[in-house]
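Sequential numbering from 1 along the given sequence is applied to the chain's residues. Treat the numbers as computed from the prediction; the structure is a model and nothing was measured. What you see below is based on every heavy atom in this structure, not just the backbone, and it leaves out hydrogens, waters and symmetry mates.
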Amino acid sequence: TGRYGMIDKNLDYESCLRRLRIPVLAISFTDDDFAPKGAVDHLCQKMPNVSLTRWQLAQENFDCKRLGHLWWINQSEPLAYGLSRWLTKVQ
């Protein structure tokens with residue numbers, strides 16, 4: 001739906017996203033049907049005040065045949081390394 005109404009129905013998640021002022025790393029995967037690139041891009045647009053880093057990762061980044069929502073877990077070392085480098089940079 002593009003709307004983020006989660007557990008607490010009284011919390012305005014859209015407003016919270018707009019007010020964020022933190023570094024954000026948004027990651028999507030090429031074969032992810034659950035959170036495709038367009039959906040992650042849409043979420044990123046809801047956070048206009050963050051310092052955004054955006055990664056779209058593909059199979060060749062993980063040496064696997066398919067890279068869906070959870071498939072990367074079996075080959076997680078490249079992502080863990082990248083996350084470590086990103087976290088070091090934003091601190």
Side-chain angles (χ1 to χ4, degrees):
T1 66
R3 290 185 310 267
Y4 297 90
M6 310 222 189
I7 297 169
D8 185 347
K9 300 294 182 190
N10 297 316
L11 184 60
D12 183 352
Y13 289 94
E14 301 286 331
S15 176
C16 291
L17 289 169
R18 284 190 302 275
R19 290 193 318 261
L20 283 175
R21 284 175 169 65
I22 59 173
V24 170
L25 172 58
I27 303 170
S28 55
F29 302 99
T30 52
D31 297 320
D32 190 342
D33 296 328
F34 184 69
K37 182 182 184 307
V40 176
D41 289 342
H42 184 71
L43 173 59
C44 292
Q45 291 171 357
K46 293 175 179 278
M47 301 178 281
N49 298 306
V50 302
S51 173
L52 179 66
T53 302
R54 183 73 174 87
W55 295 351
Q56 169 72 15
L57 301 178
Q59 295 90 333
E60 52 269 11
N61 300 112
F62 290 86
D63 192 28
C64 61
K65 294 179 184 175
R66 191 168 194 284
L67 191 61
H69 195 70
L70 299 173
W71 290 62
W72 61 270
I73 293 171
N74 292 325
Q75 298 288 331
S76 60
E77 192 171 310
L79 183 55
Y81 177 74
L83 287 171
S84 174
R85 290 186 57 171
W86 182 81
L87 285 168
T88 301
K89 257 185 359 185
V90 298
Q91 290 183 354

Do [X] and [Y] belong to the same hydrophobic cluster, where Ile, Leu, Val, Met, Phe, Trp and Tyr are linked whenever their side-chain heavy atoms lie under 4.5 Å apart, directly or via other members?
X: Ile27; Y: Leu43; value: no
X: Trp72; Y: Trp86; value: yes
X: Ile73; Y: Tyr81; value: no

**Prompt:** Going through the distances and angles, do Leu67 and Gln75 end up as a side chain to side chain contact (heavy atoms under 4.5 Å, CB included)?
**Reply:** CA-CA 10 Å; Leu67 191 61; Gln75 298 288 331; over 6 Å; no
What distance do [X] atom [atom1] and [Y] atom [atom2] have between them, rounded to the nearest 0.5 Å?
X: Gln56; Y: Thr30; atom1: CD; atom2: OG1; value: 6.5 Å
X: Asp31; Y: Leu57; atom1: CG; atom2: CG; value: 11.5 Å
X: Cys44; Y: Leu17; atom1: SG; atom2: CG; value: 10.0 Å

**Request:** Grab the two heavy atoms, one from Ala35 and one from Ser28, that are nearest each other, plus how far apart they are.
**Result:** O-CB, 4.3 Å
**Message:** Tell me the closest heavy-atom pair linking Leu79 and Trp55, and the distance in Å.
**Reply:**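 Closest approach of Leu79 to Trp55, heavy atoms only: CD1-CZ3, 4.0 Å.
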**Prompt:** Quick one: does Asn49's side chain have a donor or acceptor within less than 3.5 Å of a partner on Arg18's backbone?
**Reply:**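 The answer is yes, because a donor-acceptor pair under 3.5 Å joins these two groups.
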**Message:** Can a donor-acceptor pair be found, under 3.5 Å and without considering hydrogens, that links the side chain of Ser84 to the backbone of Ala80?
**Reply:** no
**Fill in**
Of Val90, Thr53, Leu52, the one forming a side-chain contact (heavy atoms from CB on, under 4.5 Å) with Val24 is Leu52
**Prompt:** Aromatic rings Phe29 and Phe62: how do their planes relate, parallel, tilted or perpendicular, breaks at 30° and 60°?
**Reply:**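 It falls in the perpendicular class, over 60°.
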**Request:** Starting from the C-alpha separation in whole Å, work towards a yes-or-no answer on side chain to side chain contact (heavy atoms under 4.5 Å, CB included) for Leu25 and Leu87.
**Result:** CA-CA 9 Å; Leu25 172 58; Leu87 285 168; over 6 Å; no
**Asked** Can you find a heavy atom in the side chain of Val40 that is under 4.5 Å from one in the side chain of Asp32?
**Response** no
